[in-house]
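Below: the structure, in C-alpha cells.
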Amino acid sequence: MERVLKTKIKEAVRILYDSDASDDLIQIQETRKDFVGDFTLVVFPLLRFSKNTPEKTGEMIGKHLIESFPAVSGYNVIKGFLNLEISDAWWISNFSKMLQEENLMAKCVVDQPETILVEYSSPNTNKPLHLGHIRNSLLGFSLYRILTVCGHKVIKTNIVNDRGIHICKSMLAWQKFGNGETPESSGIKGDHLVGKYYVLFEKQYREEAEDLIAGGMEPVEAKNNAPLLKEAREMLLKWEAGDPEIINLWNQMNSWVYSGFDETYKKLGVDFDKIYYESDTYKLGRDLVFKALKEGLLYKNGDSSIWIDLKTEGLDQKLLLRSDGTAVYMTQDLGTAVLRHEEFGFDRCIYVVGNEQNYHFQVLKAVLKKMDYSWSDGLFHFSYGMVELPEGKMKSREGVVVDADDLIAEMAETAKDVSLELGKLAEYRGDEKEEIFRKIGLGALKYFILKVDPKKNMTFNPSESIDFNGNTGPFIQYTYARIRSVFRKADEMNVIFNRNFIKTEKAGSKEIQLIRLLRRFTATVTEAAESYSPSLIANYCYELAKEYNQFYHDFTILGEKDPSVRDLRMAISELTARILGSGMFLLGIEMPERM
RNA sequence: GGCCCUAUAGUUCAAUGGAUAGAACGCGGGUUUCCUAAACCUGAAAUCCAGGUUCGAUUCCUGGUGGGGCUACCA
C-alpha cells in the first residue's frame, strides 16, 4: 500500500506541478494514533514543487488522490501533514488474505537466500554459564529463527574455549584440594563443581600473593610468583606437550562441564548444529600463521614471536603466536573461521559476541583479508551490550555473577508464587501446572532480555527486574492464553466462524485499528532480520497484545448477536493469537494454552 | 594518552530528520452479576550542557561533562 501510494503521489505531483519528485522526497508513514487517518504524507519536502503553503499543497494532493484512487476514502491536512484515510473495504480485503495465508511469514522470504553461520554462547570450560551467556545465547538463537523464516539456510554453532590457563587452574585446585570429588559423589552439577575449584584456586592464589606481599615483595612480582600460579603454568605446558595424566584429568573435568552445559542449554531451549572446540582449532590457526609467515605476510620478532602489521588498515600490530610457540585467542579464531568456511562455504558468518571485543573482530577480519580470503567480507560481528548488575559489571572471579541455572529455576519459582497468589490453575494436575510455570518464568526472562535493543548495555536487577505485569513476556502469553480460551469456549458452544466472507460494513474503528497492526507483522520481521534486532519483534508483540487487550475488554466476542460481527471478531482474535505465537516463537518463547 | 560505544520520567525500556517525545514498573484515583482483573481506564512525571546544519533535531555534525569498553605474549 505504501508503495502504491508513493506512485500515486508522484503522479499527483507530476500532474499538479509538472515536476518529478524523487522517491526520498515522498515520505509516507503510518498516521499517529491521535490523528484521523491511516497513512500520512509529510508535505514539507514537496513545497519546492508546489511553491505554496504546506496546507494548500496538502489540500491539493489530497483532493487529487481522492478523485483518482478509490482506496483513499478521505483526507485531512494538519499543519504540514496530509493524513490519508484508507477505505475499510481495502483493509478488510487485505485482512481476509492474511486469514487465508497458511504461512504468515511467507512474505519475509528473501529473493536470494544465503547460507549463514551463526556463532553464539561461546563458553569457557572453567565455570558455569551466567547471565551474560544467557543474553548471548538468546540473541543468537533468535537470530537463527528470524533468518531462517526469511529463507536463509542457517547453521547454529558454538565455540568452546576448552584450553588455556583458566582450565588448568580448576584442574590444579581439584588435584590439590578435591579429594577425588565428582559430580556423582557430591551431587553437584558438573560445571558448577569445576567452577567451585576455579573459585577456590583464585582464593588460595590471592592468599599466597598477599603472604608474599606481607613478606616484603612488590605486588606485581608477588602476583607473578605465587607458587600456585607457577604450578598452573607448568600444567599448561604439560597439557600442550600431551602429558597423559594431565590430558586424562582434562578430559574428565571437561566431560563434567559439558554434561552441565547440555542441561543448561536444554532448559534454556537453545541448541547447536555443530560445536567447535578451541583445543582442535588452535592447531589449524597455528599452521595458517606459519604458512602466512612463509608467504611474507607476517614478521617474526627478535624473541621469535609472530606478528602482523595492520597499520595500513588503520589498526595496530597484532601478536598471532607467542614467543614460546603457543597460541593466543586470535590464533584459534583464524583457524576456526577457515575451518568453518571449508565445511559450510557460508555467505555470511555472524559472531554473536559482546561489544568489548569490537577491536578483536576488526583485527580478525583484517587478518583474514590480508591472508587473501575473499569470504572474509562475509564475517559480521554481532556486537551486543553488556548485562550489568545494579552494583556494576559482573565479575566471575569474585563470584559476583548471576548464575544461569539459579536464575532459570528462580523464574519458574516466582511464576509459581504469582500464579498461586492469583488463585490460577487450581483445577490442573501438578505436572501440568509445573510445565506452565516453566513456560511463564522462562518467557518472562527471555522477553526481558530480548526486548532491549541488542546494541545497548542493560541493567539487570535480580530482585526487581523480572515482572509479570505490563511490558513483559507473561503479558503477551496471557493475551494469547485468553484467546485460546475464547476458542475453547466457542467449541463448547458449537460456534464455528466463517473466515471466508468477512463483511466490510461490520468493521468498527477498533477492529480496523487491530487489522492495521496485524498487517505490520511481516514488515517487522523483515526489518528485524535486516537490522539484526529481535527487540523489534518483541516490542511489536507487546503493542499488538496491548491493543488486543483493550479490544477484548471493550467488546464481547462470543456474546455478539450479529453473526457476521462475531465472525469478524473471532477472525481478528484468531489471527492475533497466530501472530503473537509466531512472533514469540521467533524469540524462542513458548506460549501456554492457559495460565 | 589514543580509539570505540553510550546519555530520554524516580527506575527499566521505545521513538526511518517530522505533528502534542511513547510504554512499563513504582506513586495517586477508578473498573468484576459479562469470553481469564497476570487485564482495562485515569492523574502527576523526562530528551546531560553549549553551539551548528535544517522549513523542522531525542535523532545528524562540533565541543564539553558523566558512564562503559578496548588499547595484553588474557579470553
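Remember, it's a predicted structure, so these values are computed and weren't measured experimentally. In what follows, chains carry the letters A, B, and so on, assigned in the order in which the sequence lines appear, proteins first and then strands, with residues in each chain numbered from 1.
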Taking 4.0 Å as the cut-off, does a side-chain nitrogen or oxygen of K456(A) come that near to OP1 or OP2 on G68(B)? no

Aromatic centroids of Y478(A) and F475(A) separated by under 6.0 Å: no

It should be established whether R163(A) places a side-chain nitrogen or oxygen under 4.0 Å from OP1 or OP2 of nucleotide C74(B). no

Regarding S419(A), tell me which of base, sugar-phosphate or nothing describes its non-hydrogen contacts under 4.0 Å with the strands shown. base

Verify the contact: side-chain N or O of K79(A) to OP1 or OP2 of C55(B), cut-off strictly under 4.0 Å; return yes or no. no

With a 4.0 Å limit, can you tell me whether Q29(A) has a side-chain N or O closer than that to the phosphate oxygens OP1/OP2 of U16(B)? no

Just how far, in rounded Å, is P of C5(B) from NE2 of H360(A)? 19 Å

Students often get this wrong, so: under 4.0 angstrom with heavy atoms, is D324(A) touching a base, only sugar-phosphate, or nothing? nothing

Can a cation-pi geometry be assigned to K127(A) and Y198(A), taking NZ or CZ under 6.0 Å from the six-membered ring centre and within 45° of the ring axis? yes

List the steps, then state whether ring-ring contact (aromatic ring centres under 6.0 Å, His included) holds for F521(A) with Y540(A). CA-CA 8 Å; F521(A) 178 58; Y540(A) 167 83; 5.8 Å; yes

5' priority, RNA chain B, between V452(A) and W307(A) [closest heavy atom]: V452(A)

Could you work out the separation of G18(B) and C60(B) based on their C1' atoms and round it to a whole Å? 14 Å

Would you say S485(A) places a side-chain N or O within less than 4.0 Å of OP1 or OP2 belonging to U36(B)? yes

Comparing K455(A) and S323(A) on RNA chain B - which has the more 5′ nearest nucleotide: K455(A)

Taking any heavy-atom pair under 4.0 Å as a contact, classify Q477(A): base, sugar-phosphate, or nothing. nothing

Side-chain N or O of R482(A) versus OP1/OP2 of A38(B): is the shortest distance under 4.0 Å? no

Using only modelled atom types and a 3.5 angstrom limit, is any donor from either the side chain of T40(A) or the base of A19(B) paired with an acceptor on the other? yes

Rounding to the closest angstrom, what is the interatomic distance between U11(B) and A7(B) at atom C1'? 15 Å

Does the side-chain ring of F475(A) sit on the six-membered ring of the A38(B) base, less than 5.5 Å centre to centre and under 30° in tilt? no

Sugar-phosphate, base or nothing in reach of D162(A), heavy atoms under 4.0 Å: nothing

Give K546(A) one of three labels, base, sugar-phosphate or nothing, depending on what nucleic acid heavy atoms sit under 4.0 Å from its own. sugar-phosphate

Can you check the distance between A21(B) and C48(B), where both ends of the measurement are the P atom (answer in whole Å)? 15 Å

Answer yes if the side chains of Y447(A) and Q477(A) hold a donor-acceptor pair under 3.5 Å, and no otherwise. no

If you measure from the P atom in U53(B) to the same atom in A57(B), how many Å do you get, rounded? 11 Å

